[in-house]
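Structure first, commentary second.
Since we're looking at a predicted model, the values are computed, not measured.
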Amino acid sequence: MTIISAAALRTHISELTRRGPRHHTNPAATGPVLDYLTGRLSDSGHRVVVERYGDAPHQVNLIADAGRPADGPIVEVCAHWDTVAGSPGADDNASGVAGLLEVARVLAADPPARRPRFCLFGGEEDDVPFTGSRAHVARLGSDGVPVAGAVVLEMIGYRDATVGSQRIPAGLGDVLGDVDGLDRGDFVAVVGSIESSQWLAAFQAAGWVQEPSLPVVPLPVPRRQGGDVARSDHVPYWDAGLLAVMVSDTADFRNPHYHRPTDTLDTLDLGFAAAVATAVADAVRTLSR
């Protein structure tokens, strides 16, 4: 089983948040943040390509891989590096980015048969959302590498196990069935289209084998569900007819610091985040056989 440490995540999140919001209203953060991300991916043995989708300095995706994949479709592992204005974005989404960096490190050191590709998207928090991921998905296949779909890390660091800390989005009762026990924010949700049942099962299995086990709640929904399950970079993959799952601590349905200046490193449960990242690495390995 893969092991990802809370200490490694702390280092990444600290580096990402100390420069303030990763938003176009704080241009001084963009260059240093992109340099840091490029450096960490390169240190893990990845070739990093800058994928621009506009002329502004912040309109940048970073795409990384550790070598030509084997025949067959690959999995992309994704997170958005930007934040809203006014928030340091420790959970949203430095936690997801930190998780991606560590998943990239461990899977480069011990790669699966089909090496995954790692994507750090800008523009998730733009007024028109998902601009970076939409531009990336529009280019898929142009390099001759088929893509099976994506695993999107969207906020993985906030845990609150007290009763009543977790709310359930309206309209998901039919998906969840019996919601008893889901009033504590101690699980990770994995949202996928109905067609992605095998992907969701891979995440559940990856959570079970940890010690202690990580509670994983799968949410299979129609691609056109919209609303609260369609708020991140998995959506462009769905729109293109590809499989994609979003791994999330459920954002504002649990975290009171969502999109606020108080979304800081000291509010996170890094042991929980490390367990989630470890499960992601193990699930991606399964999906990349």
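- Although no hydrogens or angles enter the test, the distance criterion places no donor-acceptor pair under 3.5 Å between the side chain of T30 and the main chain of P57.
- Atom CG of D266 has more than 12 heavy atoms from other residues, nucleotides or ligands within 6.0 Å.
- V145 and Y237 fall within a single hydrophobic cluster, where Ile, Leu, Val, Met, Phe, Trp and Tyr are joined by side-chain heavy atoms under 4.5 Å apart, directly or via other members.
- Taking R18 as the reference, E15 meet the salt bridge (Lys or Arg N to Asp or Glu O under 4.0 Å) condition, with sequence neighbours excluded.
- Between the side chain of T83 and the backbone N or O of P21 there is no donor-acceptor pair closer than 3.5 Å.
- Although no hydrogens or angles enter the test, the distance criterion places no donor-acceptor pair under 3.5 Å between the side chain of R105 and the main chain of I4.
- One N or O on the side chain of D91 and one on the backbone of G157 form a donor-acceptor pair closer than 3.5 Å.
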Decide yes or no on side-chain contact (heavy atoms from CB on, under 4.5 Å) for L62 and F118, but give the supporting numbers first. CA-CA 8 Å; L62 298 178; F118 297 91; over 6 Å; no

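- For the pair D228 and R167, the salt-bridge criterion is not met [side-chain N within less than 4.0 Å of a carboxylate O].
- Applying the side-chain contact (heavy atoms from CB on, under 4.5 Å) criterion to A79, with sequence neighbours excluded, gives N93, V97, L100, L120, L153.
- Nearest heavy-atom pair, R22 versus P88, reported as atom, atom and distance to 0.1 Å: NH1-O, 2.9 Å.
- In terms of heavy-atom proximity, V152 sits nearest to S232 at CG1-OG, 3.8 Å.
- Between the side chain of T267 and the main chain of T264, a donor-acceptor pair closer than 3.5 Å is present.
- D143 and R117 are joined by a salt bridge, as a carboxylate oxygen and a charged side-chain nitrogen come within less than 4.0 angstrom of each other.
- Annotation: side chain of V284 is in contact with side chain of P116 (closest heavy-atom distance under 4.5 Å).
- Of all heavy-atom pairs between P146 and G144, the closest is CD-O, 3.4 Å.
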Working for side-chain contact (heavy atoms from CB on, under 4.5 Å), residues L270 and I13: CA-CA 10 Å; L270 296 180; I13 295 170; 3.8 Å; yes

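- Of the inter-residue distances, the one linking E125 atom CD with H23 atom NE2 reads 8.0 Å to the nearest 0.5 angstrom.
- Atom OH of Y36 is separated from atom CG of L41 by 10.0 Å, given to the nearest 0.5 angstrom.
- A cation-pi arrangement is absent between R134 and Y53 under the rule of less than 6.0 angstrom and at most 45 degrees off the ring axis.
- Using a 4.5 Å heavy-atom cutoff, the side chains of D92 and S87 are not in contact.
- The shortest distance between side-chain heavy atoms of E102 and H12 falls below 4.5 Å.
- Counting heavy atoms from C-beta on, the side chains of C119 and I63 come closer than 4.5 Å.
- Residues L243 and S193 meet the side-chain proximity criterion, which asks for heavy atoms closer than 4.5 Å.
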Apply the test side-chain contact (heavy atoms from CB on, under 4.5 Å) to residues R231 and E154: give CA-CA distance (whole Å), side-chain angles for both, the deciding distance (0.1 Å), then the verdict. CA-CA 9 Å; R231 289 166 45 184; E154 176 63 72; over 6 Å; no

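- For W238 against G192, the heavy-atom pair with the smallest separation is CZ2-C, 3.8 Å.
- One finds a salt bridge joining E195 and R223 here, because a Lys/Arg side-chain nitrogen approaches an Asp/Glu carboxylate oxygen to under 4.0 Å.
- Under the 4.5 Å side-chain criterion, counting only non-hydrogen atoms from C-beta, D249 is not in contact with I156.
- Tracing side-chain contacts under 4.5 Å through hydrophobic residues (I, L, V, M, F, W, Y), one never reaches F130 starting from V245; they form parts of separate clusters.
- Note on L182 and V191: same hydrophobic cluster, where clusters join Ile, Leu, Val, Met, Phe, Trp and Tyr whose side-chain heavy atoms are under 4.5 Å apart, directly or indirectly.
- R115 contributes no side-chain N or O that, together with a main-chain N or O of S288, makes up a donor-acceptor pair within less than 3.5 Å.
- Cluster membership for L242 and L287, using ILVMFWY side-chain heavy atoms within less than 4.5 angstrom, is not shared.
- Minimum interatomic distance between T250 and A189 (heavy atoms only, all atoms of both residues): CG2-CB, 4.0 Å.
- L268 approaches A90 most closely through the heavy-atom pair CD1-O, 3.7 Å.
- Note that the NE2 atom of H80 and the CE atom of M155 stand 8.0 Å from one another [nearest 0.5 Å].
- Here the side chains of L16 and W81 are not in contact, with every heavy-atom distance at 4.5 Å or above.
- By the 6.0 Å contact criterion, CZ on R10 is open, its count of non-hydrogen atoms from other residues, nucleotides or ligands being 12 or less.
- Between the side chains of S44 and H46, no donor-acceptor pair is found at a separation under 3.5 Å.
- Not a single donor-acceptor pair under 3.5 Å links the side chain of D282 to the backbone N or O of A206.
- Taking the six-membered ring where tryptophan is involved, the planes of F121 and H136 are tilted, since the angle between them lies from 30° to 60°.
- With a 6.0 Å cutoff to the six-membered ring centre and a 45° limit on the axis angle, R184 does not count as a cation-pi contact of F187.
- Between R260 and D263 there is no salt bridge, since none of the side-chain N atoms of the basic residue sits less than 4.0 Å from a carboxylate O of the acidic one.
- Looking at heavy atoms from C-beta onward, S133 lies out of side-chain contact with E124 at the 4.5 angstrom threshold.
- No donor-acceptor distance shorter than 3.5 angstrom exists from the side chain of D126 to the backbone of V128, with no hydrogens or angles considered.
- For the atom pair CD1 (I194) and CG (L219), the distance works out to 12.0 Å, reported to the nearest 0.5 Å.
- Cluster annotation: L101 is connected to V151 through the hydrophobic network of ILVMFWY side chains, with a link wherever side-chain heavy atoms come within less than 4.5 Å.
- Checked by atom type and distance alone, the side chain of R159 never pairs as donor or acceptor with a backbone atom of F272 at under 3.5 Å.
- For R47, the CZ atom is loosely surrounded, since the number of other residues' heavy atoms within 6.0 Å does not exceed 12.
- With sequence neighbours left out, A56 forms a side-chain contact (heavy atoms from CB on, under 4.5 Å) with H58, Q59.
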